[in-house]
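What follows is a short report on a single structure.
None of the values given here were measured: they were computed from a predicted structure. Throughout, protein chains are lettered first and strands after them, A, B, ... in sequence-line order, and every chain is numbered starting at 1.
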Amino acid sequence: MQRLTPEQMAERLAQDIPDGSYVNLGIGMPVMVANFVPEGRDVIYHSENGILGVGPTPAPGTEDPDLINAAKQYVTLIKGGCFFDTAESFAMMRGGHLDIAVLGGFQVSAAGDLANWATDNEKYPPAVGGAMDLSVGAKAVYVLMRHTTKDGQPKILDECSYPLTGAGVVRRIYTDLAVIEVTDAGLQVVELHDGNSFEDVQAATGTRLLPPAA
Amino acid sequence: MQRLTPEQMAERLAQDIPDGSYVNLGIGMPVMVANFVPEGRDVIYHSENGILGVGPTPAPGTEDPDLINAAKQYVTLIKGGCFFDTAESFAMMRGGHLDIAVLGGFQVSAAGDLANWATDNEKYPPAVGGAMDLSVGAKAVYVLMRHTTKDGQPKILDECSYPLTGAGVVRRIYTDLAVIEVTDAGLQVVELHDGNSFEDVQAATGTRLLPPAA
Amino acid sequence: MIDKRIASMREALTDVAPGSAVMIGGFGSSGIPFELIEALRQHGAGDLTIISNNAGVAEEGIAALLRDRLVRKVVCSYPRSQGSIWFERLFEEGAIELELIPQGTFAERMRAAGAGLGGFFTPTGYGTKMAEGKETREIDGRGYVLEHPLSADFALVRAHKGDRWGNLAYNTAGRNFNPVMAMAAEVTVAEVEHLVELGDLNPESVATPGVFVNRVVAQEGMN
Amino acid sequence: MIDKRIASMREALTDVAPGSAVMIGGFGSSGIPFELIEALRQHGAGDLTIISNNAGVAEEGIAALLRDRLVRKVVCSYPRSQGSIWFERLFEEGAIELELIPQGTFAERMRAAGAGLGGFFTPTGYGTKMAEGKETREIDGRGYVLEHPLSADFALVRAHKGDRWGNLAYNTAGRNFNPVMAMAAEVTVAEVEHLVELGDLNPESVATPGVFVNRVVAQEGMN
């Protein structure tokens with residue numbers, strides 16, 4: 001099977017971010033999406049710690065120690081950006097003011113449930129951050145994740161076995177194998193990445209998929 | 001009986017505002033209190049529309065059209081003052097961050113209930129503003145009002161007949177006849193203005209008062 | 001390219017339908033979007049619900065909407081300032097509905113709408129007429145009233161400066177209700193005294209981030 | 001005369017008793033009151049409940065409090081950043097209690113405490129483990145969880161500039177949790193990079209009005 005690299009996955013998702021969107025990118029693979037937004041589109045990135053208009057990594061030596069993103073990496077502010085406190089930042093998120101949240105995922109269910117904050121390892125501390133607020137608050141939640149775990153187990157399942165981040169919140173799943181939309185009828189494959197057959201992708205999935213329109 | 005003028009009433013109340021207090025003065029007689037705070041005391045006045053550090057009336061011609069107090073009069077900002085929005089302003093009030101609110105009153109009951117926002121005239125529109133938030137939120141609520149109505153009816157009563165602003169919220173009542181503290185034992189007269197006997201003040205009151213300590 | 005500028009007050013309000021709920025920022029005469037209100041009056045959509053702290057004085061602002069009988073209902077904390085003749089007249093006639101809300105609850109209900117909350121318990125109004133018909137509860141020995149979010153179809157706000165992304169900064173106490181209303185409405189239209197270039201506003205002094213604003217119009221000096 | 005300045009970090013924390021609940025502002029390494037945390041560590045009061053978004057990395061800040069075993073419980077949204085070795089070690093040992101709260105609920109619970117609200121309904125966490133044991137309710141067809149205010153005995157916050165009345169202004173994204181924590185605690189102590197004269201702060205850019213702050217201490221360069 002053909003698997004996209006993380007860069008290719010981020011690039012594919014970036015194509016679906018419309019001009020003028022307000023977007024929150026989660027920690028991990030999602031933050032890479034910012035590097036691939038097609039030229040000519042104005043996209044404003046939100047960071048949960050109180051930034052609207054997150055810009056690129058600063059040149060070495062020019063870092064502002066207080067100016068970091070949700071992943072605690074140094075960033076800059078673009079022209080037209082602004083700062084606010086956490087309560088207001090989450091008002092934006094929970095209040096439906098952001099167009100798209102791109103989140104990583106441990107598991108996604110057929111009903112669009114998302115699990116991405118805790119596993120079943122009780123010795124390893126859970127960490128939720130802003131994921132639950134984004135999952136209920138953004139107008140659209142896109143999950144960017146590998147189709148299967150490192151040892152080949154499916155991550156798209158009938159039901160999530162890990163604790164949920166949000167129930168029925170996922171709109172689309174962008175994996176290294178396909179793009180899948182969560183619909184009332186079920187998980188609709190909207191795109192198979194080059195060289196992958198529907199049957200192969202179905203075989204790597206823990207729940208029934210609907211084939212793409214012919 | 002000796003009745004204090006409104007200025008004298010405001011001056012009397014001002015003696016009881018400690019140095020360093022954050023104070024909200026209601027519309028009407030209460031705003032006059034600011035003119036009488038004893039020299040050497042730093043008092044910071046809050047205005048519900050989003051000002052901490054309200055200063056005196058501006059010189060004619062120097063008014064800022066946006067800089068008004070709760071009574072919609074032009075004011076200034078003192079050095080060290082600041083501005084914020086209404087939600088934050090009422091967070092201050094309701095959250096117990098202001099030391100004293102001085103409110104006008106239509107009626108006060110023996111239990112410290114306050115009525116100051118509506119009468120029983122249904123043709124006349126009620127108006128509540130910030131009075132209810134202040135009455136539950138300030139650390140101490142002082143009522144500044146005449147002891148009786150224009151036609152001589154008592155305003156301090158067993159029970160308020162007008163709709164309540166807050167139940168059991170009043171700490172002290174400053175009238176033109178006396179200063180009265182609301183205590184668990186009842187309405188305790190703490191001061192009779194010069195020349196007034198306890199019996200005279202009791203006669204002008206619609207509920208039982210406790211005489212001042214001898 | 002994000003550009004929320006609209007050429008005129010009139011064009012910014014063409015889609016206000018009769019029966020709309022419209023928030024209007026300001027307190028007394030401070031921070032009031034007078035030009036947008038005048039454009040709303042000229043637009044002429046009636047049967048409006050006006051959500052604003054006060055109900056206008058003389059023939060100005062909201063008072064002119066009342067005078068022209070465009071308003072079915074006023075939602076506010078303090079309808080009768082000195083000179084609120086039109087509100088008082090219509091109220092006495094029974095020609096206008098009034099929903100009176102304590103000012104802090106009023107601001108907080110709009111914030112709740114903007115912040116995606118389903119409601120909150122406030123001590124304000126407990127034990128008074130304002131709590132009648134509402135759910136109440138004792139929490140840690142204190143009485144609270146459950147209040148629900150308050151949203152609207154439009155919010156008309158006024159700022160001192162704004163840019164084409166809708167970032168707004170206010171002058172002194174002109175801020176008041178404008179930020180919470182900008183959060184709470186479906187469509188927020190900002191009247192700005194000064195339209196400035198992107199990057200001219202201090203990013204630490206933007207009191208309304210542009211994400212809350214849909215349209216920005218420079219004052220035309222129409223009043 | 002209102003003067004909230006305290007001469008040293010140490011003196012600002014002398015009344016922190018063992019078992020206190022202490023909010024600590026900041027996010028990651030941004031806006032963290034590192035000098036106050038170090039003074040708290042040297043003060044030595046144990047059995048603390050630390051309320052902060054993260055749990056420190058390496059041997060810095062909150063991690064040093066954990067290492068010295070001064071902390072009984074951590075209340076936060078994201079305890080394990082890369083390098084949170086002390087939190088992970090104590091957690092695995094079962095030597096520390098964790099109350100994990102979604103970040104928006106965390107901020108909003110502190111704001112509710114500061115704003116005098118008794119609780120609020122949030123959609124965050126509905127249908128998840130976070131809602132277990134909590135009151136839930138459907139409002140207009142959507143599920144919500146009832147959350148209660150979160151207060152503390154002390155809040156340690158960090159600002160860029162502060163004056164003797166406790167007015168605070170922040171640098172860029174260093175604001176984060178500092179304003180809500182300043183509202184929510186019994187006693188708020190502010191560590192400021194620059195102590196400025198009264199009137200030097202722009203009154204429109206003060207993000208934490210002085211009424212929320214009890215003590216102001218200039219950084220000593222102790223780290």
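- The side chain to side chain contact (heavy atoms under 4.5 Å, CB included) check on Ala184(D) picks up Met23(D), Met110(D), Ala113(D), with sequence neighbours excluded.
- The ring-ring contact (aromatic ring centres under 6.0 Å, His included) search around Phe106(D) returns Phe177(D), not counting sequence neighbours.
- Atom CG of Leu146(C) is separated from atom CG of Leu146(D) by 9.0 Å, given to the nearest 0.5 angstrom.
- Looking at Leu117(D), the atoms closer than 4.5 Å to chain C (heavy atoms on both sides) sit in the backbone and in the side chain alike.
- For the side chain to side chain contact (heavy atoms under 4.5 Å, CB included) test, residues two or more places apart in sequence or in another chain that qualify with Ala12(C) are Ile6(C), Val189(C), Val217(C).
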Distance-only check: which donor-acceptor pairs of chain D and chain C lie under 3.5 Å?
unit_1	atom_1	unit_2	atom_2	d
Glu108(D)	OE1	Arg111(C)	NH2	3.0
Glu108(D)	OE2	Arg111(C)	NH1	2.7
Arg111(D)	NH1	Glu108(C)	OE2	2.7
Arg111(D)	NH2	Glu108(C)	OE1	3.0
Gly118(D)	N	Phe121(C)	O	2.8
Gly119(D)	O	Phe121(C)	N	2.9
Phe121(D)	N	Gly119(C)	O	2.9
Phe121(D)	O	Gly118(C)	N	2.7
Glu135(D)	OE1	Arg137(C)	NH1	2.8
Glu135(D)	OE1	Arg137(C)	NH2	3.4
Glu135(D)	OE2	Arg137(C)	NH2	2.8
Arg137(D)	NH1	Glu135(C)	OE1	2.8
Arg137(D)	NH2	Glu135(C)	OE1	3.4
Arg137(D)	NH2	Glu135(C)	OE2	2.8
Thr172(D)	N	Glu204(C)	OE2	2.6
Arg175(D)	NH2	Glu204(C)	O	3.1
Glu204(D)	O	Arg175(C)	NH2	3.1
Glu204(D)	OE2	Thr172(C)	N	2.6
Ser205(D)	OG	Ser205(C)	OG	2.6

